[in-house]
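Please read the structure below before turning to the comments.
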Amino acid sequence: MYAVEVRDHVMIAHSFRGDLFGPAQALHGATFVVDVAFFRESLTPDGVVVDIGRASEALKRILAPLNYRNLDDLPEFSGENTTTEFLCGHIHRAMAAATRAGDLGPGGEGVSRLRVTLHESHLARAWFEAPLA
């Protein structure tokens, strides 16, 4: 299995509901480093997994609506705890749609699996990984 990974970051604010979250129930900020890994069984005829430039551009477009935003104010997240894990799934679904739509250019059609990792600090990270269905 071959893989290539691109990285960006996003700065957000949010709050959580529920006693589990203690002080994080209050509005707070986070800067996430976001990695997206693209997996495929074999390389393209050009010897790549996907076009890294196009993959980076797609990730930047997906993160743009979240960047410098209070996620509590976004209608698509209404009623959700926008945890690191939840955001991994959200970004994964968006990147899977971009991959299926051809946004990665030639080679994107051969991607079989995606993994989205959010690093919330140097101590903790979460990811969501699934086949590209």
Side-chain angles (χ1 to χ4, degrees):
M1 181 73 66
Y2 293 92
V4 71
E5 195 166 48
V6 297
R7 174 174 277 187
D8 206 333
H9 74 284
V10 64
M11 299 171 73
I12 58 96
H14 60 174
S15 60
F16 298 134
R17 293 173 324 286
D19 292 339
L20 170 70
F21 297 102
Q25 293 175 83
L27 185 64
H28 62 281
T31 300
F32 293 108
V33 173
V34 183
D35 294 323
V36 179
F38 304 87
F39 297 88
R40 59 182 293 148
E41 293 293 327
S42 60
L43 298 178
T44 69
D46 294 313
V48 300
V49 173
V50 295
D51 182 320
I52 289 175
R54 288 185 186 187
S56 294
E57 290 170 6
L59 178 57
K60 189 169 291 304
R61 279 193 309 274
I62 288 165
L63 296 179
L66 309 178
N67 204 22
Y68 293 105
R69 299 293 305 271
N70 179 348
L71 302 185
D72 298 346
D73 295 339
L74 299 180
E76 63 264 37
F77 298 144
S78 180
E80 299 288 349
N81 276 330
T82 53
T83 62
T84 306
E85 298 91 331
F86 174 87
L87 291 172
C88 286
H90 171 78
I91 295 166
H92 186 282
R93 286 185 294 280
M95 186 57 78
T99 302
R100 286 191 294 274
D103 292 355
L104 305 182
E109 73 285 348
V111 172
S112 62
R113 185 172 206 80
L114 293 173
R115 178 177 58 222
V116 173
T117 305
L118 270 66
H119 305 260
E120 68 175 68
S121 75
H122 64 289
L123 300 174
R125 67 181 178 217
W127 67 82
F128 182 82
E129 181 175 335
L132 191 65

Do [X] and [Y] belong to the same hydrophobic cluster, where Ile, Leu, Val, Met, Phe, Trp and Tyr are linked whenever their side-chain heavy atoms lie under 4.5 Å apart, directly or via other members?
X: Ile52; Y: Val50; value: yes
X: Val116; Y: Tyr2; value: yes
X: Leu104; Y: Leu59; value: yes
X: Leu66; Y: Phe16; value: no
X: Phe128; Y: Val111; value: no

Q) Under the side chain to side chain donor-acceptor pair (under 3.5 Å) rule, what pairs show up with a residue in residues 40-60, not counting sequence neighbours? A) Asp8-Lys60

From [X] [atom1] over to [Y] [atom2], what is the distance, rounded to the nearest 0.5 angstrom?
X: Glu129; Y: His92; atom1: CD; atom2: NE2; result: 7.5 Å
X: Thr84; Y: Phe32; atom1: OG1; atom2: CZ; result: 4.0 Å
X: Ile12; Y: Leu63; atom1: CD1; atom2: CG; result: 11.5 Å

Pairwise side-chain contact, [X] with [Y], heavy-atom cut-off 4.5 Å (strictly under):
X: Met1; Y: Ser112; value: yes
X: Leu114; Y: Phe38; value: yes
X: Asn81; Y: Phe86; value: no
X: Leu118; Y: Ile91; value: yes
X: Val4; Y: Phe39; value: no
X: Val36; Y: Ile62; value: no

Q.
For Leu87 and Val10: C-alpha separation, side-chain torsions, deciding distance, then whether side chain to side chain contact (heavy atoms under 4.5 Å, CB included) applies.
A. CA-CA 11 Å; Leu87 291 172; Val10 64; over 6 Å; no

Q) Is the His28 ring parallel, tilted or perpendicular to the His14 ring (thresholds 30°, 60°)? A) tilted

Q) Parallel, tilted or perpendicular for His90 and Phe77, by the 30°/60° rule? A) perpendicular

Is the backbone of [Y] close enough, under 3.5 Å, to the side chain of [X] for a donor and an acceptor to pair up by distance?
X: Arg113; Y: Ala37; result: no
X: Gln25; Y: Pro23; result: no
X: Asp35; Y: Thr117; result: no

Q: Using side-chain contact (heavy atoms from CB on, under 4.5 Å) as the criterion, list what pairs up with Thr31, not counting sequence neighbours.
A: His9, Met11

Q. Near Asp73 CG, under 6.0 Å, is it more than 12 heavy atoms from other residues, nucleotides or ligands?
A. yes

Q | CG (Leu43) with more than 12 external heavy atoms under 6.0 Å | A | yes

Minimal non-hydrogen separation, [X] against [Y], with atom names:
X: Cys88; Y: Ala126; answer: SG-O, 3.3 Å
X: Leu74; Y: Pro65; answer: CD1-O, 4.1 Å
X: Ser15; Y: Asp72; answer: OG-OD2, 2.6 Å

